[in-house]
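Have a look at the structure below, then the notes.
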Amino acid sequence: MSFPSAVKKQSRLFSQSGGNGDSSTELRFISDLGRSLLFTVHPKKVASRVADAIQHGVQAEVCAFMAELENIGVVSCSFDEKGEMDPRSFEKSKFEKWLELLPPQVGHKQEDPAEFLLSGKTHKLEYVSPLHINGEIKGAIVVGFSKKQDFNDAKGSLIDAATQMAAMSVNLSSHYEAAINNSINRAKEEHRRFTEAVLDALPVSLYVVDRDFRIVTWNRHREIGSKGIPRESAIGRNVFNVLARYPEGRVKQEFERAFRTGKIERIEQQTAADDGSMQHWMVSKVPMKDPESGEVTHVITVGEDVTARVAAIHAVGRAEKLAAVGRLAAGVVHEINNPLATIAACAEALEQRVEEGVFEGLDAIDDLNEYLGLIKSEAFRCKSITTGLLDFSRIRTGNRHPLDCGEVIRSSANLVSHQKRGEKIDIEIEIADDLALLNADGGQIQQAVIALCTNAIDAMPKGGTLTMRAATHSNRVAIEIEDTGVGIPQEDLSKIFEPFFTTKEVGEGTGLGLAVCYGIITDHGGRLSVRSNVGKGTTFTILLPITAQVP
Ligand code: ADP
Ligand code: MG
């Protein structure tokens, strides 16, 4: 411990003078102590300097300092001949009793060991000098002497004087320390708030867990949305309890891996939103290391909603594929249509001949008729496929006029009602009164609606209800084609818009209906989406922009 040499030199003041210190050495002791305290700004240092100086100065066995200060709490320390000792040997309860019994203005000597404030020592006499701070006794300096004759009144006065200085010093320094603590705490608090605001401003959901899987940070984004959890019910709790909806084993594995490997890991996840649509998430587990030990102390989990990005990537892929197929189809169709027309024409010509009786008497005349019929029908089927392909590849910026979707729906319903086959299918139409007009190609929109209705009917082999709706949603018109059919399995949802994707029997589906529909709608600046529930039904939604060009 550092101690001003002036005070050290003045120690054992009383030894030379045989018990009664002379006043000049006493004064020097006091002034040296005062000077050393001038440079002491920490209450703990004040306490230890004073206790050390007194213990040396009056040749005490032990000297203890104890003060309870409003702004910084308890300050205590004690010195014996060997240096510092355990300040807990100061018995606070006895001190309180002592205060109650005789609130002393100055020091007080005790010779009954039962009354001693310092325990665990062998001293025979104790001198207790109260610390007056702001008019109240806030503590005391207790000095223990190993022999009763080691103490005298002069030493008592000296201890009292030192105690008074200590009281002043410790009071001042405690204010200083409290002020420093306050400003440090305020700066810390400001910094904490700023960090929290930064985390809350990020457009990702974020939380942090410690080694015990306890949540220590939970940002605002993690609070909102259907999967959000309020911060109050997350912070401080075990992450597995908070995220109880997720399989604990999996969540635990992910965290343990991050803690073990210290490597950033990205996991793609999908969740179903409340309306049945899929949401895509990129979840990153970021291990946070202690800069000194390099040990992973926390894991940050960042979740980013990438639904729009995934959809855009799919849309670009789909558009590219459609364009490529379109170019291919246009070329192929051109080459195939001519021979097809020839085949059909030849078959028709032969039929004509049969009718004219040219093959009269031929044994296989029935076969001939049957085969000619087959050639013709198959040629027409090929023709319908090539027409579909052409529709698909044609540039569709055709005739755009003000269009009433309600009309399109009614006439489409009329057309498909004749297509209904097998079991009973009810067609329901719901058209909003305030339906806005579109600037669109009526023929193409009808083609798209009919393609969706045909699929819907195909999906209800046991009958059901086909509902066709149209309504205005802010700046768009929404057309919905809903069925109560078989539904579309999750794994097919991403493929149904691809050209040639079909789950229907050969000869029943071309797999072009939705691809054409998709092309028409996107050409009109609109969007085509689907929601489906296997076994319950499917809803296709067309959103078309209401453009300013509409009169
Ligand atoms: P196609 O009808 O010729 O098969 P589409 O492009 O019209 O081709 O449809 C592709 C596939 O999408 C269908 O084969 C079917 O599996 C599925 N599909 C389309 N609409 C529905 C629907 N409303 N309900 C169930 N499945 C559907
Ligand atoms: Mg179809």
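Order of appearance sets the numbers: ligands from 1, and atoms from 1 within every ligand. Numbering starts at 1 and runs along the sequence shown.
Within ligand 1, the atoms closer than 4.0 Å to a non-hydrogen atom of F540 are 20 (N), 23 (N), numbered from 1 in the order shown. For ligand 1, the atoms closer than 4.0 angstrom to any heavy atom of T502 are 1 (P), 4 (O), 14 (O). Interface of L514 with ligand 1, defined as ligand atoms under 4.0 Å from a residue heavy atom, comprises 5 (P), 6 (O), 7 (O), 9 (O), 12 (O), 19 (C). Atoms of ligand 1 lying under 4.0 Å from any heavy atom of A459, numbered from 1 in the order shown and given with element: 22 (C), 24 (N), 25 (C). Interface atoms of ligand 1 facing T510, defined by a heavy-atom separation under 4.0 Å, are 3 (O). Every atom of ligand 1 is numbered from 1 in the order shown, and the set under 4.0 Å from a heavy atom of G509 is 3 (O). Atoms of ligand 1 found under 4.0 Å from any heavy atom of F501 (numbered from 1 in listed order, with element): 8 (O), 10 (C), 11 (C).
Between Q447 atom CD and I450 atom CD1 the span is 8.0 Å, to the nearest 0.5 Å. A distance of 9.0 Å separates CZ of R260 from CD of Q253, quoted to the nearest 0.5 Å. Here D426 contributes atom CG and L466 contributes atom CG; the two are 9.5 Å apart, rounded to the nearest 0.5 Å.
When only interatomic distances are considered, the shortest N/O to N/O separation between D483 and ligand 1 falls below 3.5 Å. Distances between N or O atoms of A515 and those of ligand 1 include no value under 3.5 Å. Residue G487 has no nitrogen or oxygen atom sitting less than 3.5 Å from a nitrogen or oxygen atom of ligand 1, judged on distance alone.
Among protein heavy atoms, the minimum distance from atom 18 (N) of ligand 1 is reached at I488 CD1, 4.1 Å. Shortest contact from atom 19 (C) of ligand 1 to any protein heavy atom: N455 ND2, 3.5 Å. Here the protein heavy atom with the shortest distance to atom 17 (C) of ligand 1 is I496 CG2, 4.0 Å.
Atom NZ of K495 sits in a crowded spot, with more than 12 heavy atoms from other residues, nucleotides or ligands closer than 6.0 Å.
When non-hydrogen atoms are compared, ligand 1 lies under 4.0 Å from the backbone of T503 as well as from its side chain. Only the side chain of T538 comes within contact range of ligand 1, with a heavy atom under 4.0 Å; no backbone atom does. Of the heavy atoms in F497, none comes closer than 4.0 Å to ligand 1.
Between F240 and F213, the angle of the ring planes lies from 30° to 60°, which puts this pair in the tilted group. In this structure, Y207 and W218 have tilted ring planes: the angle between them lies in the 30° to 60° band.
Of the N and O atoms on the side chains of E177 and H42, at least one donor lies less than 3.5 Å from an acceptor on the other residue. Between the side chains of D290 and T297, no donor N or O sits under 3.5 Å from an acceptor N or O. A donor-acceptor contact under 3.5 angstrom links the side chains of H175 and N71, judged on distance only. In the model, S411 has a side-chain atom that pairs as donor or acceptor with a side-chain atom of Q446 under 3.5 Å.
Using a cut-off of 2.8 Å, one finds that T510 contributes no N/O/S atom close to the Mg ion (ligand 2).
Selection from M460, E498, E505, K504 by nearest heavy atom to atom 2 (O) of ligand 1 gives K504. When G513, A456, G511 are ranked by how near their heavy atoms come to atom 3 (O) of ligand 1, first place goes to G511.
A side-chain contact (heavy atoms from CB on, under 4.5 Å) with M468 is found for exactly one of V408, I431, V449, namely V449.
In terms of heavy atoms, T484 sits closest to T465 at OG1-N, 3.0 Å.
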